[in-house]
Amino acid sequence: MDSPLSRVDRGNLEPKVLSLYRELFVEGQDASKPEGFWYELFLLKPSKIDLFKTIDALTALKLLEMSHITRDFFSRSVYLVADDRIAPQTRLNALSSLQVFLKAVFAKKYPNSTSDFISILAGPNKIDELMYDFVSVLDSAIDSSGPESLRITALHTALIAVQGSYRSSLIYCFLSKDLFYSAVSLVRDYPFEAYSAFLLLSLLADVDSSDGINLYKQHISTLSNDSFISSGIIDLIEHIKSCVNDFTTLINPANSALFSFQKLRELSFFAFASKPPRADLLRKLPRASATALMPLYEFSLSCPRFSALFVSHKSSNAYTVSDFISLTSFLAAYQSTSLRSSTYARLAFLIINLWLTNPDIMTSAANSIIINTEFPTSENYTAPYLAKPQPLVAWLIYTSILALNSNRIKPPHTNLYILVLANLELILNFLRSNSYRLDIAWSDLWTSLVDTLTYALHLESKEDMTALTLSVTHVLNIAIIHGDSFLLSKKSYDDLLYKLIASGSVIKDASLKSSTLKNNIGVKSLCDIVNHYQQIMRNQTGASLLSDNIVRAINSAATPPALPSPDLFKLSTFDAHADKNFHKRMLNLVLSDIYEVSEFSI
């Protein structure tokens, strides 16, 4: 038989805890509560949904007005959780209530977040001591030998607290206490919570400390615990898979075809002339599980060991990096559906950029890591070179092509395209340096680069136009100068020449756009190559650019054009990770998405 405390639908009875919520936050806001009230409140199992709704119904101003109540709630729950003489269930009740309280409080907008948070939680005279105690309590609860539910709730509460206080000075309270080892301890015992722990640590590692020393970043940079890293990789991959499944369910329901670069190239300038099907649903993708990319980036940035283990990790004898490549491809293909898509797409390519600077990872990517993965589909076309397992480095090229070709009718994502081109530059230089010859559809890359050049020259912003044009011409020159060292056949090299000659007017137009481009050695060298072959064509057939004439000119050229010195096209100094504005936007997106992650739902 049900207890009267739990009967909701019989007569006028309701759980006792609901009346306590009303008495505390609605009816009795002007009076302090006696000890017996607080004892009963935390003795009862909380109703998280009702507690959140009760606090959420209050305005930020109202919370500030009743700060004597909110301060009492915060301090009493903190110190109750800290008292290990209290029954574990009561401590869990207090901690669960505290988690909901913080989530509801931090969800509101305040005129001055730091001072208003301080007023609501403790007041200026007690905030330092209470926040330090709060973080210490979380650290002890996460690392304790207590019940699983208490430890996991403490971890989730810490993440909610970090998320909420991130844009205020309260975040520095979390740097005064080192939660790293307690998080490692929890993941050791409960590997399925690795995502939460890695997300917490990555957010804390990203905080700029006043003295320039961030213990979390130091811990990550020296991380050598392979078991902890592997647990993180497994759980992060599960969240990445969830994102991929969201895309495939919406876009590839039949799972019957693979992506066509040619088809996308033909449609990219017109794809959004009318409202695309499922547009409203696409704008919501990726879902909040994409926050897994944040710890993946932060750990890859600071810990090369993590990157190496992530790329080489296997499950059921298959490389799980294929799931990351699949998600990156969907983000690239649908980058223009929403700001969240383009932001997470750029974050994914930043992660790839970190791999490309690691020689060991690239050697494995070219040799031993053979994968197949799911790309966005077209209805009636299956590219044969995407239908078979290939080296990871080949998929990195395919994903780059996809990013350059996708949805250019929307506001330009110039910085994303420049990042992708910088990645391609690193890939081609690696192939050249190690004489790796890939059997891939190089023609798609050449076409994509020429199309991107055309696109760049039509950008309204002169600054964007110049930057993107220089990036494209730099990659094209690397291919021209060093193509014989990584292309599988002369046919692929001749195809590159063909694309350049056929697009000669575009290349020459680049030199007329600005003095910077006119005097750039990369633009000049491409113009010289085009002029060389067009002169041959004029001597043979007149000025016609018919395909047969171009092929005849390439095949019959007695002397090839003079190529610029390779020393002029060394690796660019582009710093992919220096854009603070993007980093801020990415961080804001991740922080807002934390509220939507299923692990932290009320």
Side-chain angles (χ1 to χ4, degrees), residues 99 102-103 106-107 152 155-167 171 174 179 183 186-187 191-207 216-217 220 229 231-247 282-303 306-307 310 320-321 323-328 330-332 334-335 337-352 354 577 582-602:
Q99 178 186 350
L102 292 174
K103 185 169 185 177
F106 286 138
I152 293 175
L155 176 66
H156 291 181
T157 303
L159 188 50
I160 291 297
V162 166
Q163 187 273 350
S165 60
Y166 211 84
R167 293 307 179 193
I171 190 61
F174 288 89
L179 299 176
L186 186 138
V187 171
F192 54 85
E193 284 296 329
Y195 158 77
S196 302
F198 273 64
L199 184 55
L200 173 66
L201 297 177
S202 64
L203 288 171
L204 291 172
D206 204 62
V207 177
Y216 296 97
K217 188 175 287 290
I220 294 174
I229 292 176
S231 295
I233 290 171
I234 292 170
D235 209 15
L236 293 175
I237 284 292
E238 287 303 310
H239 285 74
I240 289 172
K241 283 183 178 179
S242 175
C243 292
V244 173
N245 289 338
D246 287 338
F247 275 109
L282 276 173
R283 276 193 289 270
K284 297 178 181 179
L285 298 183
R287 300 192 192 279
S289 291
T291 50
L293 294 176
M294 165 66 179
L296 179 53
Y297 173 72
E298 189 66 42
F299 275 73
S300 297
L301 179 65
S302 301
C303 182
F306 177 88
S307 294
F310 181 86
T320 54
V321 69
D323 296 303
F324 171 83
I325 295 298
S326 184
L327 175 58
T328 304
F330 280 103
L331 293 173
Y334 297 96
Q335 61 186 264
T337 58
S338 66
L339 180 61
R340 62 183 298 104
S341 292
S342 62
T343 301
Y344 280 124
R346 188 168 167 187
L347 183 57
F349 280 101
L350 283 172
I351 294 168
I352 291 174
L354 294 171
H577 309 274
F582 167 76
H583 190 83
K584 181 179 180 180
R585 185 170 73 247
M586 177 272 293
L587 200 55
N588 286 335
L589 176 59
V590 170
L591 291 170
S592 64
D593 274 354
I594 288 176
Y595 273 145
E596 307 302 326
V597 176
S598 59
E599 285 91 331
F600 317 123
S601 60
I602 299 300

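Everything quoted here is computed from the prediction, not taken from an experiment.
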Problem - side chain to side chain contact (heavy atoms under 4.5 Å, CB included) evaluation trace for Val207 with Phe174 - result: CA-CA 10 Å; Val207 177; Phe174 288 89; over 6 Å; no

Exercise for the section: Before giving the answer on side chain to side chain contact (heavy atoms under 4.5 Å, CB included), spell out for Phe247 and Leu331 the whole-Å C-alpha distance, their side-chain angles and the decisive distance to 0.1 Å. Expected result: CA-CA 9 Å; Phe247 275 109; Leu331 293 173; 4.2 Å; yes

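- The ring-ring contact (aromatic ring centres under 6.0 Å, His included) check on Phe106 picks up Phe117, with sequence neighbours excluded.
- Every side chain to side chain contact (heavy atoms under 4.5 Å, CB included) that Thr320 has, sequence neighbours left out, goes to Ile237, His313, Ser315, Asp323.
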Got a list of side-chain donor-acceptor pairs under 3.5 Å for residues 343-351, not counting sequence neighbours?
unit_1, atom_1, unit_2, atom_2, d
Thr343, OG1, Leu339, O, 2.7
Tyr344, OH, Asp593, OD2, 2.8
Arg346, NH2, Asp579, OD2, 2.8

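- Under the 4.5 Å side-chain criterion, counting only non-hydrogen atoms from C-beta, Leu285 is not in contact with Tyr334.
- Tyr595 places a side-chain N or O within donor-acceptor distance of the main-chain N or O of Lys103, the cut-off being under 3.5 Å.
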Output side-chain donor-acceptor pairs under 3.5 Å for residues 197-205, partner residues at least two apart or in another chain, one line each.
unit_1, atom_1, unit_2, atom_2, d
Ser202, OG, Phe198, O, 3.1
Ser202, OG, Leu199, O, 2.9

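- Annotation: side chain of Val162 is not in contact with side chain of Leu179 (no heavy-atom distance under 4.5 Å).
- Among residues two or more places apart in sequence or in another chain, the salt bridge (charged side-chain N to carboxylate O under 4.0 Å, His left out) test is passed with Asp246 by Arg287.
- Side-chain N or O atoms of Gln163 include one that pairs as donor or acceptor with a backbone N or O of Leu591 at under 3.5 Å.
- Looking at residues two or more places apart in sequence or on another chain, you find a side chain to side chain contact (heavy atoms under 4.5 Å, CB included) between Ser307 and Ser300, Trp355, Ile361.
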Practice task
Could you walk me through whether His583 and Tyr297 pass the side-chain hydrogen bond (donor to acceptor under 3.5 Å, both in side chains) test, one step at a time?
Solution key: CA-CA 11 Å; His583 190 83; Tyr297 173 72; 5.3 Å; no

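- Rounded to the nearest 0.5 angstrom, Lys284 NZ and Arg340 CZ are separated by 11.0 Å.
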Practice task
Take Leu293 and Met586, measure what side chain to side chain contact (heavy atoms under 4.5 Å, CB included) needs, and give me the verdict at the end.
Solution key: CA-CA 10 Å; Leu293 294 176; Met586 177 272 293; over 6 Å; no

Practice task
Would you sort out whether Leu296 and Ile240 count as a side chain to side chain contact (heavy atoms under 4.5 Å, CB included), showing the intermediate values?
Solution key: CA-CA 10 Å; Leu296 179 53; Ile240 289 172; 4.1 Å; yes

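- Between Phe299 and Phe306, the angle of the ring planes lies from 30° to 60°, which puts this pair in the tilted group.
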